[in-house]
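Labels below follow one simple rule: chain letters A, B, ... track the order of the sequence lines, proteins then strands, and each chain is numbered from 1. Note that this is a predicted model, so its numbers are computed, not measured.
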Amino acid sequence: MSLSILQQFNWSAMTPEFIILGVSALLTLLDLFMPKSLDRKILGWIGIAAILAAIVSVLGMVGGPVTSILDNSFRLDSFAMAFKLLLLAGSGLVLFLAVSYKAKDGLEEYHGEFYYLFLSALLGAMIMTSSGDLITLFIGLELLTVSSYILAGIRKYNLESNEAAMKYVINGGISTAITLFGMSYVYGLTGSTNLIEIAGRLSSVSDGQQAYLLTLAFLIVFVGLSFKLAAAPFHMWAPDVYQGAPTPVTAFLSVVSKTAGFVIVLRILLTVFGSAASVGDPSKPILLEMQDYLAFIAGATMIIGNVVALRQSNIKRMFAYSSIAHAGYILVAITSLSSNMFYSIWFYLLAYMLMNLGAFAVIQVVSEKTGSTKIADFAGLYRRSPVLAVVMGILLVSLAGFPGTAGFIGKLNIFIGAFYGTPHYVLASVMIATTVISYFYYFGVMTQMFFRPASDDSKFNLPFGIIVVLIVAVVGSVLFGVMPNIALDFMQNNLDVLADFFS
Amino acid sequence: MSSVPASAFLALALILFCIGLYGALTKRNTVIVLISIELMLNAVNINLVTFSKYGMAPSITGQIFALFAISVAAAEAAVGLAVLISLYRARKTVNIDEMDTLKN
Amino acid sequence: MTFSGEFLAFMGIALVAIIGGVLLLNLTKVVHMVVSLIFTFVAIAGLYVLLSAEFVAAVQILIYSGAITIIMLFGIMLTKHNDEHEPKTGKWRKILVFLGVLGFAAAVYLGIYNFNIEQVPTTLHENNTMQIGKALYSKYIIPFELTSVLLLVALVGSIILAKNEKKEADDQ
Amino acid sequence: MMENAWLIPLFPLLSFLILLLFGKRLKEASSYVGILLTLASLVYSILVLFERFSEPTFITKFDWLTIGDMHLTAGFEVNQLNALMLFIVSLVSFLVHTYSKGYMQGDERFPVFYAYLGLFTFAMLGLVISPNLLQTYIFWELVGVGSFLLIGFYFYKDEAKAAAKKAFIMTRIGDVGLFIGMILLFWETKSFEYSEIFAAVDAGAVSGTMITLTAILIFIGAVGKSGQFPLHTWLPDAMEGPTPVSALIHAATMVAAGVYLVAALFPLFAASKTALLTIAVIGAFTAIFAASIGLVQTDIKRVLAYSTVSQLGYMMLALGSAGYVAGVFHLMTHAFFKALLFLAAGSVIHAVHTQNIEEMGGLWKKLKLTGPLFLIGTLAISGVPGLSGFFSKDEILVAAWEGGHPILFLLALAAAFMTAFYMFRLFFMVFTGEARGNQQHVHESPANMTYPMILLGVLAIVAGYVNTPWFGTFLGDWLVDGNKALEHHGHAEGSPLIMIAATVVSLAGIYLAYLMYSKRSLKRNWLSGTGDTLHTILTNKYYVDEFYQMTVVAFTKGFSYFLRFIDVFLVGGLVKGVTGIVQGLGAAGSRLQSGQVQTYGAVAFIGLAVLVVIFALTGGYLR
């Protein structure tokens, strides 16, 4: 394949990736050559500008046809665009948090590295959304993961940060190995890494042993990837890493990284295993046969996340468990495989991004003020800063899935989907029951904020970045709760995910 | 065609994978844990290379995949070690069970 | 199954690889463990040759037996491992993990023990490196370039994390 | 007017927003904002109600959310039930707003209180004009939030905080049922719209078992909200809130929401005999259960709380016996007289600064207005002929009898007896006899507290006459007019014997209370204290007393203890068990989180191994 052939491809489909990659390189150079005395925050603002540019370029491509480069090793379909928008928006908000971040033991000295590593992580996530090839997916995943390891440990003179990074690396390494082990069997049974080719070849597997091996591969890959989702059984790293990592990184891990995890799960599970014949009944794809297992994992994730969250006294840990629980809710949507699955997952991730990032913005402000991340630090927040308390209240209510907020609509979508086809009564009941449990800890924080006296009366001053995040989060949570059709119309009019996902 | 069946290679890979996994989950020294993870990745590579020759529709792709896996493994090892060193600076230990300041 | 040369080579290599792994689990000195694992890595390279993947075999020797093992040794030395003994990590966890490994291995073995796909003659060993190169620079150019980013990130990240700037500042 | 009925809930919302933003600056003037805006709601509701008398149901909706190929709508509807509820809710809310101006005077967080009242009223009004289940559910939850805030208003009191949380969580448990039932119904009928659901049920598109299942699930929601057994325990605890709140929440609005829901979905329930029977049984049981607990309470508000639970049980019994009109009718009269009782109780508390009836007494002379008003409320709830409660209770008893539930009828009759007894016990202990406790500066409440009570007092007397077997059943006829599904559930003609029986038991209850608490010929602490009961019996010369003592009283006492046992051990035990399990799980999960990174990996891997092995053993090709 010569250069001229390479030039034939429609490389413009990769514009958002090129922007991120280019700016990431630019920031590296700038960081090297800028005088040491200059504030590195400017790099953050350049990063934000790059993300905005990437969003614009994605929006510019919305509605276009499916573009495939090099045998699907890069493909731009509606699914890719929809989730790329989520990832970009989430990362943009996280960057706003990051430019306002002032930890006591100084991230200042490392600010430069932070931004370009952050962008490279984002690049990895974006690649995952638009790849139809196992190798590219895997490399994207690793780019995200390795960058995240470093980000988690970037406060290198802070013991907690170091420990968080170490735990992340070890669990991440194991998960990578497990995922790859499963993938290797998928490759072996098809001789291809191209997802669509794989799907084509697998639909005709008739040998019992091969179908069996493939199902094992399904379980292995899924458990390996559940690390990224922070879903059971690979969830236990999350609380420790979330607690130890700097707050913007925690926000990144709990929102962007998790979204990317769902992206790769959807890509691989649906295309590869959605058509592969299963052991027992060749007419039934593996994905359907494995529904019980998925349901079990989803249920366990919801129960563990919500129940253990009750016992937390550290706000970041509590949010770690809550994020585990949210992963469980989304897994319910994957389990039930309803016709609106893509939409409900996308919407849920959108809502989750808004409310979670908003909550992390508040957490960041409060914990910077007090120097710790105890839930008790929120006592009397209403007295000290009514605005902050009300904002946090709205976001918590949304996280709890209360009517009138985006969180409710997200849960409603998933819940309605759970009754699609064969209704999953047990799973739906677990979802509702654990949602009720979640009220206890969300309202625990509310009680602290509104019903407790404050320890001191000092006020908060909110940096610009935090204000932006808070406004976007609150407006979004309420807007999508009251008028959810906005998001839906966008999705339906422009992005026909279901149609071009498998083509 | 070949006197060694594909399943023999696969079984060897499985054994090595399990050894690596067991090491990663039970060894006390963090460096050994990291290297056990490398062993797991190696086992995966054996699978990939085997399939590239004896699998369905043999092709070079498996070897390519293995190469990618090797480079990723190298990157992970490097980062893992760097994290370990910065942790060691603060904690003066490489014992994995002493990393427990973060817990419930 | 005949006792062909290939078979004998496989048996020998497999034996070395597994012994290396088992030694990793059973030795007490950290450095010894790493060295025992070098055997395994080299043996795996031999396996690749058997599987007509000469280039991968070379890379395996270079990267694993060379680079990774060396940085691990460096890591051991830099962190002045203070105890060489391997005291018990929770006994129960060991037992459970062992049972888990057994179950997992058994279940997967059921899937592969009889794995035989009709073998087709391959041309993998002919100009192996060139085939890889061609594929890498055409079909897999995107992941290839991304890998370069990944390695760069790992490089920069490792330097950032491992460098002790406080000390440096003191020296100057 | 009706096409703009959506404005009605918006007035209180506006009040909420204004007070949220400017409450601090407005201070005590906040009350005027709240009062005026609820007055606007009230006036508008009255206009809508009158218009609805002559015009057909008005309904409008628009697309709100599309899921897959389902279109969910939002909008509002004014039918008979909705119009009536709008009126009741806005009236009671307006009166409570006015009353609170006096009652809450001097409270530091006065504007906040009014803001919460506005939010709550908004939610409740929104609830009663919702044309579909989903919208109902959304407002249903909002009502929960409002009540959470109001009950926990005195958050510096630990009991209030606990009560708020309990109310919230207990009703949430019911909501789980409602939500699941709602979604199931959605899948069966492809719609949340009431009208479409009824049409589907009518057309037989839903299987019988599914109707029963969804109806019962939805009823669980009503059980939680309306404090029916076994989810009733939050209601008495919720008395920790300010008294006007109790009048609002526990008389006319939140607790009535459950009854309203069952009434609004009545055609669905009517399609399943099992569902109706469940409702009737739970209702009757709750009625007698709560009444018997009410016999021994010493806190004035708790007595009223249990009586509320009991009266709600009546309404459920009525609905369950297919007495749609009876249930709604009692909902209305109860709203008036119970609000009156709570406000009067608030006035008493305001005067004597205690809630313990043991420390009251002889207030009749000191509270010249509150006393008679309280008496009116007591007479009404006891079912004394001529007052509103009498007619609606009679309607319920007729419905129960005609519905073919003689046992439930007897239970209801027994509960009526108890109600009369404990309400008059309350009345006699508070208002007659010697003053007990420390009552120095007892004075009547200010005008803005007494006027609402007077208005409610008038309503408590006359409201019953809109639907009587004597003068005509206007309400009943109007409620079912033009609604095919409700045709057979209008006013039921019953034997006059029922009315006589009801009168006899209520008078008997009053007489017994009189003997024990006013005339003192029976030792007055035979139930609540550890007095020498034997002695009382021996010295007692009245045949009728001995008769009571041996039969009714002994039975009641035993039964009462039995029910308390159930309440404490069974329900309490169940709740403890569930929380215990949850906490145990939490503790276990928490302990596993030991900080050992390899444990985390091990858990993940063992999880994988278990999944794989299970698959190999069950689903594998080796099977």
Side-chain angles (χ1 to χ4, degrees), chain A residues 134-136 138-139 141-143 145-147 149-150 152-153 155-170 172-174 176-194 197 201 205 210 213 239-244 308 311-314 317, chain B residues 6 10 13-14 17 20-21 24-25 30 33-34 36-52 54-59 61-62 64-69 71-73 75-91 96 99-104:
Chain A
L134 275 186
I135 295 181
T136 321
F138 172 66
I139 297 294
L141 176 71
E142 283 308 306
L143 184 53
T145 313
V146 171
S147 308
Y149 295 156
I150 303 163
R155 282 160 69 194
K156 65 177 174 183
Y157 295 112
N158 177 298
L159 177 60
E160 288 198 344
S161 183
N162 292 334
E163 193 181 315
M166 197 68 241
K167 287 180 171 173
Y168 198 29
V169 169
I170 289 172
I174 294 174
T176 303
I178 291 178
T179 314
L180 261 185
F181 194 63
M183 281 184 180
S184 74
Y185 286 125
V186 173
Y187 165 72
L189 290 170
T190 58
S192 172
T193 54
N194 182 305
E197 260 175 53
R201 289 186 193 167
V205 168
Q210 290 182 15
L213 188 57
D240 290 12
V241 175
Y242 282 21
Q243 185 189 347
V308 186
R311 300 178 59 86
Q312 303 308 315
S313 59
N314 182 304
R317 285 190 89 82
Chain B
L10 298 180
L14 180 62
F17 185 83
L21 195 55
L25 295 179
T30 312
V33 170
L34 287 174
S36 297
I37 294 174
E38 297 304 318
L39 185 59
M40 289 164 78
L41 288 168
N42 255 291
V44 172
N45 288 343
I46 297 179
N47 262 354
L48 287 171
V49 174
T50 308
F51 283 133
S52 126
Y54 295 137
M56 196 77 81
S59 66
T61 312
I64 306 254
F65 205 159
L67 286 174
F68 279 114
S71 30
V72 165
E76 274 199 4
V79 172
L81 212 59
V83 172
L84 178 63
I85 286 173
S86 77
L87 177 67
Y88 178 77
R89 219 168 19 227
R91 199 82 168 81
I96 202 161
M99 289 193 277
D100 58 354
T101 47
L102 299 168
K103 61 182 169 193
N104 271 357

- Whatever's closer than 4.5 Å to a heavy atom in chain B on A/Ile178 counts as both

- Message: Do A/Val146 and B/Val72 have side chains that approach each other closer than 4.5 Å (heavy atoms only, starting at C-beta)?
- Response: no

- Query: How long is the span from the NZ atom in A/Lys156 to the CZ atom in B/Arg89, to the nearest 0.5 Å?
  - Reply: 5.5 Å

- Query: Relative to chain B, which segment of A/Ala164 carries a heavy atom at a distance below 4.5 Å: side chain, backbone, both, or neither?
  - Reply: both

- Message: Tell me the closest heavy-atom pair linking A/Gly191 and B/Ser59, and the distance in Å.
- Response: O-OG, 3.8 Å

- Item | Closest heavy-atom pair and its distance - A/Met166, B/Val83 | N-CG1, 3.4 Å

- Is the side chain of A/Tyr149 donor-acceptor paired with the backbone N or O of B/Gly80 at a distance under 3.5 Å, no angle test? no

- Query: So A/Ile174 and B/Leu25, side-chain contact (heavy atoms from CB on, under 4.5 Å) or not? Walk me through it.
  - Reply: CA-CA 9 Å; A/Ile174 294 174; B/Leu25 295 179; 3.8 Å; yes

- Query: Hey, what do you get for CE (A/Met183) to CG (B/Asn47), rounding to the nearest 0.5 Å?
  - Reply: 13.5 Å

- chain B: which of A/Val241, A/Asp240, A/Val169 shares the most heavy-atom pairs with it under 4.5 Å? A/Asp240

- Is there a donor-acceptor pair closer than 3.5 Å between any side-chain N or O of A/Asn162 and the backbone N or O of B/Ser86? yes

- Message: Heavy-atom cut-off 4.5 Å, strictly under: side chain, backbone, both or neither for B/Thr30 against chain A?
- Response: side chain

- Message: Report which part of B/Phe17 has an atom under 4.5 Å of a heavy atom belonging to chain A: side chain, backbone, both, or neither.
- Response: side chain

- Query: Is chain A contacted by the side chain of B/Leu34, its backbone, both, or neither, given a heavy-atom distance below 4.5 Å?
  - Reply: side chain

- Query: What part of A/Glu160 lies closer than 4.5 angstrom to a heavy atom of chain B: side chain, backbone, both or neither?
  - Reply: both

- Item | A/Ala177 to B/Leu41 - nearest heavy-atom pair and separation | CA-CD2, 3.8 Å

- Close side-chain approach of B/Ser52 and A/Tyr187, heavy atoms under 4.5 Å: yes

- Query: What part of A/Gln312 is in contact with chain B, defined as an atom under 4.5 angstrom from a non-hydrogen atom: side chain, backbone, both or neither?
  - Reply: side chain

- Item | Verdict with supporting geometry, B/Phe65 and A/Leu180, side-chain contact (heavy atoms from CB on, under 4.5 Å) | CA-CA 10 Å; B/Phe65 205 159; A/Leu180 261 185; 3.7 Å; yes

- Can you check side-chain contact (heavy atoms from CB on, under 4.5 Å) on A/Thr176 and B/Ile37, steps first, answer last? CA-CA 9 Å; A/Thr176 303; B/Ile37 294 174; over 6 Å; no

- Between A/Phe181, A/Tyr168, A/Phe138, A/Tyr185, which residue shows the highest count of heavy-atom pairs closer than 4.5 Å to chain B? A/Phe181

- Message: So which atom in B/Ala57 and which in A/Arg201 form the shortest heavy-atom distance, rounded to 0.1 Å?
- Response: CB-NH1, 3.5 Å

